[in-house]
Structures are given as structure tokens and as C-alpha cells.
Amino acid sequence: MKFYITTPIYYVNDIPHVGHSYTTIAADILARWKRLNNYDVFFLTGTDEHGAKIAAAAKEKDKNALELCDEMSAKFREAWDLLNISNTDFVRTTEQRHVLAVNKVVQTLFDKGFIFSKKYEGFYCIGCERFYAQKDLDENGCCHFHKTKPVLQSEENYFFKLSSFQKSLLERITDKNHKEHIDIQPEERRNEIVGKLKLGLEDVSFSRSAIEWGIPLPFDKKQTVYVWIDALINYITGIGYPVDETKFQKFWPADVHLMAKDILWFHSVIWPAILIGANLPLPKKVYSHGFFTLNSNKMSKSLGNVISPKELVDKYGVDAARYLTVTLIPFGPDGDISWQGLTLKYNTDLANNLGNLISRTIKMAEKYFDLLVPQTIPNLWLAKNAAALLQENFASNMDNIQLHKAAESLQDAITLVNKQIETDAPWKLARTDMVKLATCIYSYLQAADIIAMHLLPFMPTLSEEIWRITGATGSIIETAKKYFTDRVIPETGFSVAGSQLRVSGILFPRVTE
Ligand code: ME8
């Protein structure tokens with residue numbers, strides 16, 4: 001089975017911040033989860049490098065456009081390396097392979113009569129890289145997203161006959177049984193898209209005559225492909241279209257396009273229309289999450305209130321930064337983050353709940369059992385309870401992209417074990433019942449192993465560390481792949497009696513504001 005997941009390709013006029021990280025970490029968590037479930041995963045991200053916005057940014061910095069793109073695209077790659085993102089490929093729209101893909105799609109649409117030229121006048125928002133009609137702007141004539149006044153522009157452009165796709169799109173979006181059904185999530189946003197679609201569609205700009213920084217149209221070299229059309233095609237460039245037919249056939253259609261709500265329209269209406277026009281299958285799911293605000297303000301470079309991935313990693317460590325970014329707000333609606341909120345969640349979920357479970361267990365094993373998994377009758381009761389709780393709540397939430405809920409069920413499983421430790425009070429048993437103490441410690445280790453396997457997509461490095469600390473045998477990834485297939489805990493547990501445990505340093509040092 002294959003699983004193809006994408007993030008948006010990010011504009012290179014901005015540095016990567018926690019907003020971009022949010023989508024990318026979420027996609028990475030889903031990619032890792034599917035790999036653990038034995039899917040052949042392709043995970044694509046990249047950078048969007050053409051168009052007016054990038055040309056303007058280069059001019060402002062007195063740089064050649066490609067030079068700026070090289071520099072900024074590298075910053076995104078560095079950020080994703082820092083956050084341990086496991087993307088399969090990274091596409092840049094200035095690459096030759098992408099130019100080939102764009103040419104092929106654009107020429108096909110032209111040959112099929114979906115492209116025509118007309119004179120157009122509209123308000124162009126450079127931040128959104130799109131035209132707006134007066135009615136789409138706010139009462140001050142500003143764009144709703146950027147709060148800036150778009151400039152009235154008039155051009156002889158090529159247009160894409162989006163209007164002729166209204167019926168086909170509505171059918172594919174609303175009819176779950178359609179063989180080309182495209183599932184737009186969350187539901188409220190799908191309803192908004194359907195509502196807008198029902199009102200009718202206007203044809204959209206397909207080329208720009210005034211913008212040189214772009215891919216020339218194959219049938220009219222004086223114009224460049226409109227940056228959004230150019231950008232959306234990256235999703236097929238990245239899997240080999242049109243040169244590597246085998247790879248393309250294997251991975252297309254995408255299983256999930258992930259993004260925030262700002263660009264849902266492009267992904268759920270314009271992109272599918274292009275694909276229908278080019279006779280290509282549609283993505284299966286388009287999922288948009290909400291916007292992060294920071295202390296109630298929109299994060300933006302100009303407001304100077306962006307959080308960079310590096311700041312998060314410096315403060316909490318890579319794995320905790322990943323976990324906190326995707327779990328602090330529900331995955332779907334907008335939400336506010338703050339340093340206080342991040343630190344509180346770090347201390348509650350990680351330093352206290354998970355950190356305590358591991359450190360208490362290992363300290364007792366060190367003190368009373370020479371840092372070995374105690375020799376005892378295998379007691380898997382607690383591990384099985386934790387596993388049952390996770391089986392019920394974790395997998396379905398991961399598959400439904402409810403990452404905060406999946407993380408909540410992990411915390412519930414950790415709490416279950418910690419409560420059991422409180423009930424057993426093993427520190428008292430050391431004086432009265434060493435046999436029972438051995439059984440208890442053994443059971444905490446097995447439950448910790450179950451938790452570590454589920455934690456892998458969120459915290460790939462620390463889960464492996466926990467696996468080693470608890471003396472579990474073999475590779476955690478291979479063991480988890482098997483476990484998620486058959487859901488069987490071996491009779492001896494994962495941490496076999498007599499195995500050597502490792503002293504854990506402090507996994508999650510407490511963080512103060
Ligand atoms: O739109 N909260 O690129 P972009 C949540 N190049 N997510 C955020 C965010 C925030 N505050 N800020 C950014 C573009 N994002 C186009 C995409 S795809 C064919 C072309 C994330 O650099 C979120 O995923 O403006 C959002 O949709 C995306 O970055 C926008 O990135």
C-alpha cells in the first residue's frame with residue numbers, strides 16, 4: 001500500500017517560522033505513522049520560488065531572484081533538518097524537472113481548449129499572489145488576509161476556464177460514492193467551499209504578462225505561467241511527472257494535501273479543475289488546519305512576532321518542539337499560542353507525566369535490581385491496559401488527522417501507568433515484598449515500551465531513547481511495525497527479564513518561563 005502526503009510549497013520571501021513548521025511537522029508525523037503501518041510513503045515538501053512577490057523581495061534586497069531563492073530555499077531545508085523532518089523529496093519550482101511538468105500540463109490544457117486570452121482588470125494582492133474583485137475586499141478596500149490595499153491592474157492575459165468545471169467539481173466534492181471523490185476536511189470548511197462553488201465560478205488568470213520571474217508559457221513565451229498554477233503542479237513534479245511514469249503511477253493521486261485554510265480554495269477548487277482538465281486523477285483528501293496566532297496577534301515578520309523553529313528547539317529540544325507545535329491547539333480551528341502555553345504544556349505532559357514515569361521506574365530498577373529488567377513472572381496486565389486504551393483512541397485519531405487527540409490519548413496512557421505506580425507505591429514494597437516489587441517494575445517497563453512505540457511519530461529520537469533505557473530488545477521501528485500489524489505483545493514482553501537497562505539522564509529537564 002502507498003501513501004502520498006504533501007505540504008504546501010512555501011514562499012521564499014519569508015523565513016521559516018512556527019506556522020510553516022506546524023504544517024510540516026504534522027505531515028511528518030502522519031508520514032511516520034503510515035510508515036509504521038507498513039505503507040510505502042512518499043512525503044513531499046518544497047519551496048515556491050516564482051512570481052511577483054519573490055521578484056519584489058529580490059529587488060528589495062538588491063539580489064538576483066535565483067540567488068535569493070537558493071539562499072532562502074536552503075533555510076527551509078535547514079529548518080526541516082533541524083526538526084528531523086523525514087521528507088522523501090524537496091521540490092523547488094525553479095528546477096528543470098518542474099519546468100517540464102508545468103509545460104506538459106499547461107500545453108495539455110491549452111490543446112484541450114481550456115485556455116483563452118482576454119483583457120482583464122482587477123485588484124492584485126501581491127501577498128496572496130491573486131486578483132480580487134472589489135466585492136472581495138474589506139470596507140477599506142484591503143485584502144482580508146494581508147490588510148494591505150491591492151493595486152488595480154489591467155493586463156492582456158490568458159485565462160483558465162474554471163467556470164466550466166463547476167458541475168464536475170460539485171459532484172466530486174459532495175458525492176462520497178463518486179469514483180473521483182475528493183474529501184475536503186474539516187467539514188465546516190468543506191461546506192464553505194461547496195457554498196461558494198454553488199454560487200458559480202469565475203474564470204481565473206492563467207498567465208501574467210507583466211511578471212518576468214516565472215516559467216514562460218509554452219505557447220506564448222511573452223507571458224509567464226501564473227504563480228499559483230505553477231505552484232500547484234509541484235505535487236506531480238515531485239513524484240516524477242512526466243518523466244518517471246512508474247513512480248508517478250505508483251504514488252498519484254495524493255492521499256492528503258495538508259495546508260492552512262488560507263489556501264484551501266486553490267487546493268480544493270482550482271487544483272482539481274486543472275487535474276480534471278488535464279485528465280489526471282484527483283487527490284483523495286485536502287485537509288486544512290487553522291492559523292496560529294501568537295499572543296492573539298497574527299504572526300508576521302513585519303510585526304516582528306514570529307517564533308522560529310530554532311528558538312523552539314533551543315528552548316525545549318527537537319522532539320519536544322515537534323510535540324508541542326502540533327498539540328498545543330486542536331488540529332483544525334485557529335488557535336493562539338504563547339510561550340507560557342508552550343512551557344506549561346511541556347512541563348505538564350513531558351517533564352511531569354512522561355518524564356516521571358521513566359525516571360521513577362528506572363531509579364527503582366537501579367536501586368533494587370542492579371539496573372536489570374527484574375526476573376519475575378511476566379506481568380503484562382498494565383501494558384495490555386495501556387495498549388487497549390491506545391488502540392481505541394490513538395490510531396483512529398491519527399488516521400483522521402486529529403493529532404491533538406491522538407496525543408491526548410498518549411497522555412491518558414501515561415497517566416494510567418503513573419496512577420498505577422501511585423497505587424502500588426513500590427517505594428514501600430521495597431521494605432515488605434521484593435517479589436511484588438519485581439513484578440511491578442517489570443509491568444511499568446512493558447507499559448513504557450507500548451507508549452514509546454506510539455510516541456515514535458511525534459518524538460522519533462526520544463522514543464528510541466526510552467526503548468533503550470527500558471532495556472527493550474531489537475529495533476523499536478521494526479518492533480512497532482510488527483506490533484501495529486498484529487497488535488500482539490510477546491509473552492516475555494518487549495523488555496525481556498534480565499536485560500540491561502540504561503540510566504536515563506533527565507529526559508525532559510523542567511523549563512522555566
Ligand atoms: O501560500 N498558522 O505559501 P506560504 C498556520 N506558496 N499555518 C501557517 C501559518 C500560521 N500562522 N503561517 C504559515 C503559500 N502557515 C504558497 C503555497 S502550495 C501549491 C503554494 C503554513 O509560504 C500553512 O500551511 O504563504 C499555510 O497554508 C502555508 O504555511 C502558507 O505558506
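For the single chain, residues carry numbers from 1 onward in sequence order. Just so you know, ligand 1 is whichever comes first in the structure, and atom 1 is the first atom listed for that ligand.
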Aromatic rings Trp271 and Trp252: how do their planes relate, parallel, tilted or perpendicular, breaks at 30° and 60°? perpendicular
Ring of Phe458, cation from Arg322 - is the NZ or CZ under 6.0 Å from the centre and inside 45° of the axis? no
Against the six-membered ring of Phe114, is Lys161 placed for a cation-pi contact (under 6.0 Å from the centre, within 45° of the normal)? no
Evaluate the criterion ring pair (Phe, Tyr, Trp, His ring centres under 6.0 Å) for residue pair Phe292 and His20; output intermediate values, then yes/no. CA-CA 10 Å; Phe292 261 2; His20 309 114; over 10 Å; no
Which N or O atoms of ligand 1 sit under 3.5 Å from a protein N or O, and how far apart is each pair?
unit_1: ligand 1; atom_1: 2 (N); unit_2: Phe292; atom_2: N; d: 2.9
unit_1: ligand 1; atom_1: 6 (N); unit_2: Ile9; atom_2: O; d: 2.8
unit_1: ligand 1; atom_1: 6 (N); unit_2: Asp48; atom_2: OD2; d: 2.7
unit_1: ligand 1; atom_1: 7 (N); unit_2: Gly19; atom_2: O; d: 3.4
unit_1: ligand 1; atom_1: 11 (N); unit_2: Phe292; atom_2: O; d: 3.3
unit_1: ligand 1; atom_1: 22 (O); unit_2: Tyr11; atom_2: N; d: 2.9
unit_1: ligand 1; atom_1: 24 (O); unit_2: Thr23; atom_2: OG1; d: 2.6
unit_1: ligand 1; atom_1: 24 (O); unit_2: Ala260; atom_2: N; d: 3.4
unit_1: ligand 1; atom_1: 27 (O); unit_2: Ala260; atom_2: N; d: 3.0
unit_1: ligand 1; atom_1: 27 (O); unit_2: Asp262; atom_2: OD1; d: 2.9

Pairs flagged by salt bridge (charged side-chain N to carboxylate O under 4.0 Å, His left out) wherever residues 80-109 is involved - sequence neighbours left out: Glu49-Arg92, Asp70-Arg92, Asp89-Arg97, Glu95-Arg97
Under the salt bridge (Lys or Arg N to Asp or Glu O under 4.0 Å) test against Asp40, which residue among Lys250, Lys34, Lys2 passes? Lys250
